[in-house]
Amino acid sequence: MRTFFISLSLAILAYTGTALSISKGELPTETDWYLHVDLTQMRSTVTGQHLMVWMSDEVFDEIEGDTGVDLEKNLDGITVFGNGDEENDAALLLHGNLSGSLQADIVAFLESETDTLVKESMGYIEVYSFEDLHLKDRKRRHRRKSKNDDVDITVTADDGAFIAFGKKGQTLITQNRSLLETWSDAGGQLSNRSSNHSGALLVLEADRSLIQGGVKRDIGHRGPWNSSIGKNMEQIALILFDEAGLAALDVNILTSTPKTAESLHDVVKGLLSLKSLTLDDEPEISELLDDTDVNLSGQTVTISARFDPETLVSIFD
């Protein structure tokens with residue numbers, strides 16, 4: 001179930017998802033949503049370095065403190081993705097060649113949190129399966145806390161879950177055994193040769209990309225998807241990248257008809273024009289909107305923003 005997988009991802013990797021600039025060909029054919037963070041680009045670009053300082057303090061230090069696993073220096077990135085039509089759809093990829101000692105640390109953490117860890121082999125790939133994680137007394141600054149400031153969680157996987165250590169720079173965590181077997185048969189990597197089919201997930205690409213994400217309407221059941229305009233949105237895709245030292249954010253919204261796109265364009269344009277009247281107490285967001293443009297092309301509305309990286313980090317804080 002998606003709820004389990006997201007909880008598991010947060011438990012092991014804390015609050016962030018995903019790695020290395022991704023393209024359609026690196027996602028399974030039926031992918032309906034994904035989030036991808038490129039840690040290599042974060043370490044080597046101006047915008048990324050601002051984000052990396054924040055992630056080091058707020059994410060990786062917490063992971064090491066709670067699990068005993070030091071991931072910061074060993075990962076090139078992380079990708080979370082899934083097919084919204086499947087109950088146990090979600091998967092998480094760790095990008096980077098994890099050392100034997102780091103793999104052992106991860107296994108030791110799982111052994112300490114579950115009674116059901118079982119090792120098996122798929123070819124030359126080591127796979128560990130488990131059913132439940134009992135995450136006791138985890139201090140989480142960014143989660144809802146109990147009165148004594150501790151969090152007591154049991155994460156249940158109805159059909160079990162797997163973590164598999166590949167030999168080609170990918171570690172896979174999933175509840176989907178079919179996906180695991182496909183990944184294993186390919187030598188421990190994902191590939192997709194039919195990513196341009198009708199209805200394929202929209203994936204934005206750019207040089208020096210830091211964060212990419214996309215979602216189809218099929219998996220949205222609440223919130224903006226059910227608004228009068230949202231019901232006519234087909235996909236949303238975003239990308240955050242470094243552009244000459246500035247943080248660059250592009251969001252593409254694909255609608256069902258050009259008329260819907262035109263209506264959405266007018267709504268966003270109107271909201272941008274009103275920012276000075278509504279955001280006096282939110283200077284960071286106001287600054288971001290100052291350099292935000294919205295454009296219309298057929299059935300697609302594109303929102304583009306360029307701003308100082310420090311503004312981005314201040315919004316996260």
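Since we're looking at a predicted model, the values are computed, not measured.
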Reported CD-to-CG distance for the pair Q170 and L98, which is rounded to 0.5 angstrom: 11.0 Å
Side chain of S256, backbone of N232: donor and acceptor closer than 3.5 Å? yes
Any chain of hydrophobic side-chain contacts (each under 4.5 Å) joining V251 to L246? no
Going through the distances and angles, do I211 and L35 end up as a side chain to side chain contact (heavy atoms under 4.5 Å, CB included)? CA-CA 7 Å; I211 299 174; L35 178 65; 4.0 Å; yes
Has the side chain of Q299 got a donor or acceptor atom that lies under 3.5 Å from a matching backbone atom of T255? yes
Starting from L92, can I reach L110 by hopping between I/L/V/M/F/W/Y residues whose side chains sit under 4.5 Å apart? yes
Go through M55 and L39 one step at a time and tell me if the side chain to side chain contact (heavy atoms under 4.5 Å, CB included) criterion holds. CA-CA 10 Å; M55 289 182 63; L39 298 176; 3.8 Å; yes
Does the side chain to side chain donor-acceptor pair (under 3.5 Å) test come out yes or no for T47 and T45, once each step is laid out? CA-CA 6 Å; T47 300; T45 60; 5.7 Å; no
Tell me whether Q235 contacts the main-chain N or O of V215 through its side chain, where contact means a donor paired with an acceptor under 3.5 Å. no
D291 and R306 ion-paired at < 4.0 Å: no
Check: E72 side chain, D61 main-chain N or O, donor-acceptor pair, under 3.5 Å: no
Taken to the nearest 0.5 Å, the spacing of L102 CG from N74 CG works out to 5.0 Å
Begin with the C-alpha distance, continue with both residues' side-chain angles, and end with the deciding distance and a verdict on side chain to side chain contact (heavy atoms under 4.5 Å, CB included) for D70 and D105. CA-CA 9 Å; D70 180 9; D105 288 343; over 6 Å; no
Taking S56 for the side chain and M52 for the main chain, is one N or O donor matched with an acceptor at less than 3.5 Å? no
Test of understanding: clusters of I, L, V, M, F, W, Y form through side-chain heavy atoms closer than 4.5 Å, transitively. Do I106 and L117 belong to the same one? yes
Output for pair (F60 CZ, L71 CG), nearest 0.5 Å, gives 6.5 Å
Hey, is the main chain of V203 close enough, under 3.5 Å, to the side chain of Q212 for a donor-acceptor pair? no
Nearest-0.5 Å distance, CD1 of residue I253 to CE of residue M233: 4.5 Å
Quick one: which of L94, L93, V127 gives a side chain to side chain contact (heavy atoms under 4.5 Å, CB included) with L172? L93
When you group the ILVMFWY residues by side-chain heavy-atom contacts below 4.5 Å and let the links chain together, are V313 and L249 in the same group? yes
Between S297 and T300, is a side chain to side chain donor-acceptor pair (under 3.5 Å) present by the stated rule, with each step listed? CA-CA 5 Å; S297 177; T300 302; over 6 Å; no
Under a single-linkage definition using a 4.5 Å side-chain heavy-atom cutoff for Ile, Leu, Val, Met, Phe, Trp and Tyr, are L254 and L238 assigned to the same hydrophobic cluster? no
For the atom pair CD1 (I125) and NZ (K168), what is the distance rounded to the nearest 0.5 Å? 8.5 Å
Quick one: does any side-chain atom of Y128 pair with a main-chain N or O of A161 as donor and acceptor, under 3.5 Å? no
When rounded to the nearest 0.5 Å, the distance separating CH2 of W183 from CG of N176 is 13.5 Å
